Amino acid sequence: MGHMDIREEAGRCLLCADAPCSKACGQGDPARAIRAIRFDNTTLASRWVAGCTPEDLEAAEKACIHYDRPIRIREMLSGLPAAADRKMPDLGIEFCGIRCENPFFLASSAVCTNYDMVARAFDAGWAGVFYKTICLQEIREVSPRFDAVGEGRKGDFAGFRNMEQLSENPADVDFDILHRLKQNYPTKIVVASIMGQEEEDWINLAKMAEKAGVDAIELNFSCPQMRLAGMGSDVGQNPELVTFYTAYVKRTVKIPVIAKMTPNITTMNQPAMGAYFAGADGISAINTIKSLTMNERGSVSDKKTISGYSGRAVKPIAQRFILEMASNPLMKTVHLSGIGGIETWRDALEYIQLGCRNVQVCTAVMQYGYRIVDDLVSGLQAYMAERGTQNLEELVGEQVTRFVRPTDLDRDTVVYPKIDREVCIGCGRCYTSCMDGGHQAIEFDLETRKPRMIGPKCVGCLLCSLVCPTGAIGITRRSAKRS
């Protein structure tokens, strides 16, 4: 079968509930080890199979119920590096004056719509919840309400579209749920997300939230698919309304107030500044991006609509908005909460390094369940331990100053591609892309099936390295451009 990429093989795993492979294994938990690899914790994976014999792993592989062919469990897990025995740092961090046990929160969405769901998430290790948005209007949902795009492996997707609106529960029912959650989980952070249609709605909902004993209030100025005018992203696109409604709520309650921004706008800084001047303690960003899909499975009684897009595909867009707010010197006192495409601890770390003090997760939970918090926590802890960092606060915003305007980028030096002949398999992808989408700087010998760089033509765009399926193309040291 040749050399196996264990990350690629772990990506084939179906991440079964009550995994048959682990039930068949005598001494360990191979399903948990594979999940660690899948979520970028390869260096920690061996701890779950440390006591396994080859016979244990063989039994686990035979029990695999994959639709195609069994996961190569024996080969994947036999040669794992030993997990370093380090003291793991505490992930506690302050957000809007509230101490959180870690930075991982459930985003206001379908993943937190009732008491039992949130309780299970808290038991799993999530630090807090931005509960599904509460309103005073009747919410009537459609069926179906979800669709996915960019599917590679079955059950996996790059982007996710949803047509859900807000909580379908009466407001008093939801506030009772939040009250009981805070009573039964006093160390967890409970945030009430609310949305009004006019001033009186915002004020009444805020009073109800504070009376329920929640830790903070999130103002949803951003839902992209409200069927009623004057709600959701209609508000978030209007800096004046953001300012007014934030001010109304701030005058009404004493607990922290967080404004949730819409990405369906050119410049998020304008409404964010409105929230800041009205006294907002924090900013959440982003909500889903207005989009459509052409799949018939996403139609409702043969009709379609524009709705919200999330998942891995939106992360670069969300991070752009976070960076712009984090770079705004007037908003240094506002705490940021990052949302969009977070699946692994590295995704979360990126948001933290761009200035966020917590992150909110939705789509990844809908795909993989609350259990992913294990790898979010352990992965971030292992990264900090390896760096020698004991305080998560030290990472907040550390990458912001690396970003400059396009006019300030170095345009006098270049890095060139370098081909590793041992790894190159001769597919010619680099040649095709460079000829048709680059600078025609690669030749391809059809007999030997080997590419060759044409130095004088290469501009160092590195398209070739991005399309190479085997990772055979690296880069040279940066040097001065040729005259």
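Computed from a predicted model, the values in this text were never measured in an experiment.
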### Query
Is the CD atom of Glu141 crowded by more than 12 outside heavy atoms at less than 6.0 Å?
yes
### Gap between atom CE of Met117 and atom CZ of Phe122 - 0.5 Å precision
12.5 Å
### Message
For Leu409 versus Val404, what's the shortest heavy-atom pair and its separation?
### Response
CD2-CG2, 3.7 Å
### Query
Partners of Arg411 by salt bridge (charged side-chain N to carboxylate O under 4.0 Å, His left out), sequence neighbours excluded?
none
### Message
I'd like to know if Arg120 pairs up with Asp123 as an ion pair, taking the criterion as any Lys NZ or Arg NE/NH1/NH2 lying under 4.0 Å from an Asp or Glu carboxylate oxygen.
### Response
no
### Task
Would you indicate whether the side-chain heavy atoms of Leu349 and Leu380 approach each other to under 4.5 Å?
yes
### Message
Determine whether Thr293 and Arg161 satisfy the following criterion, side chain to side chain donor-acceptor pair (under 3.5 Å), listing intermediate values before the conclusion.
### Response
CA-CA 8 Å; Thr293 52; Arg161 187 179 68 88; 2.8 Å; yes
### Query
Between Lys481 and Asp412, does at least one N-O distance fall below 4.0 Å, as a salt bridge requires?
no
### Message
Using the side chain to side chain contact (heavy atoms under 4.5 Å, CB included) criterion, which residues pair with Tyr115? Sequence neighbours excluded.
### Response
Ala119, Ile177, Arg180, Leu181, Asn184, Tyr185
#### Entry: Flag, side chain of Asn238 to backbone of Val235, donor-acceptor distance under 3.5 Å
no
### Query
Does Thr389 reach the main-chain N or O of Asn391 with its side chain, forming a donor-acceptor pair under 3.5 Å?
no
### Task
Return yes if some donor-acceptor pair links the side-chain N/O of Arg371 with the main-chain N/O of Arg35 below 3.5 Å, else return no.
no
### Message
Run the salt bridge (charged side-chain N to carboxylate O under 4.0 Å, His left out) test against Arg357 and tell me which residues pass, sequence neighbours left out.
### Response
Glu393
### Message
I'd like to know whether Ser284 forms a side chain to side chain donor-acceptor pair (under 3.5 Å) with Gln360, so could you lay out the CA-CA distance, the side-chain angles of the two residues, the decisive distance to 0.1 Å, and finally the verdict.
### Response
CA-CA 9 Å; Ser284 295; Gln360 301 179 40; 3.3 Å; yes
### Backbone N/O of Pro89 and side chain of Gln381: donor-acceptor pair under 3.5 Å
yes
### Task
Verify, without hydrogens or angle tests, whether Lys182 (side chain) and Lys188 (backbone) share a donor-acceptor contact under 3.5 angstrom.
yes
### Message
For the NZ atom on Lys211, are there more than 12 heavy atoms of other groups (residues, nucleotides or ligands in this structure) within a distance under 6.0 Å?
### Response
no
### Message
Just by distance, no angles: are the side chains of Asp302 and Ser299 close enough, under 3.5 Å, to form a donor-acceptor pair?
### Response
no
### Task
Can you sort out the partners of Arg145 under salt bridge (charged side-chain N to carboxylate O under 4.0 Å, His left out), two or more places apart, ordered by chain and number?
Glu164
### Task
Kindly indicate, with the supporting measurements, whether the criterion salt bridge (charged side-chain N to carboxylate O under 4.0 Å, His left out) is fulfilled by Arg387 and Glu398.
CA-CA 14 Å; Arg387 274 188 54 169; Glu398 67 175 357; 2.8 Å; yes
### Task
Could you tell me whether the side chain of Asn220 and the main chain of Thr133 form a donor-acceptor pair under 3.5 Å?
no
### Message
Would Glu168 and Arg140 count as a salt bridge (charged side-chain N to carboxylate O under 4.0 Å, His left out) here? Give the steps.
### Response
CA-CA 7 Å; Glu168 295 184 274; Arg140 299 175 63 201; over 6 Å; no
## Note on the structure
Note: Thr267 and Pro271 closest approach over all heavy atoms is O-CD, 3.4 Å
### Message
Pairing donors with acceptors under 3.5 angstrom, does anything connect the side chains of Thr262 and Asn287?
### Response
no
### Query
side chain to side chain donor-acceptor pair (under 3.5 Å): which pairs involve residues 85-94, sequence neighbours left out?
none
### Query
Under 6.0 Å between ring centres, would you say that holds for Trp202 and Tyr248?
no
### Message
Quick check on the 6.0 Å ring-centre criterion: do Trp126 and Phe105 meet it?
### Response
no
### Query
Looking just at side-chain N and O atoms, do Tyr368 and Arg38 make a donor-acceptor pair shorter than 3.5 Å?
yes
### Task
Locate the shortest heavy-atom distance separating Lys290 from Asn264; write the atom from each residue and the value.
N-OD1, 2.7 Å
### Message
Does any part of the side chain of Glu343, heavy atoms only, come nearer than 4.5 Å to the side chain of Ile372, both counted from C-beta?
### Response
no
### Task
Look only at the side chain of Asp281 and the backbone of Val257, and say whether a donor-acceptor pair between them is shorter than 3.5 Å.
yes
### Task
Salt-bridge test for Asp375 and Arg32: reply yes if a basic N is under 4.0 Å from a carboxylate O, no otherwise.
yes
### Task
With rounding to the nearest 0.5 Å, note down the distance linking CG in Asn162 to OG in Ser310.
6.0 Å
### Message
Looking at His335 and Gly282, would you say the former's side chain and the latter's main chain have a donor-acceptor pair under 3.5 Å?
### Response
no
### Task
Measure across Met261 and Ala285 and return the closest heavy-atom pair with its distance rounded to 0.1 Å.
CB-CB, 4.3 Å
### Message
I'd like to know whether the aromatic ring centres of Phe160 and Phe146 sit less than 6.0 Å apart in this structure.
### Response
yes
### Heavy-atom pair of closest approach, residues Gly159 and Tyr309
CA-OH, 3.4 Å
### Message
Could you work out, with salt bridge (charged side-chain N to carboxylate O under 4.0 Å, His left out) as the rule, every residue matching Glu9, not counting sequence neighbours?
### Response
Arg12, Arg69
### Option from Ile339, Leu219, Ile283 for which side-chain contact (heavy atoms from CB on, under 4.5 Å) with Lys260 holds
Ile339
### Query
How close do Arg312 and Phe157 get, heavy atom to heavy atom, and via which atoms?
NH2-O, 3.1 Å
### Query
In Å and rounded to the nearest 0.5 Å, what is the CZ to CG distance from Arg402 to Leu354?
11.0 Å
### Task
Please answer whether the main-chain N or O of Ala31 pairs with a side-chain N or O of Trp48 as donor and acceptor at a distance below 3.5 Å.
no
### Distance (rounded to the nearest 0.5 Å) between Cys362 SG and Lys132 NZ
9.0 Å
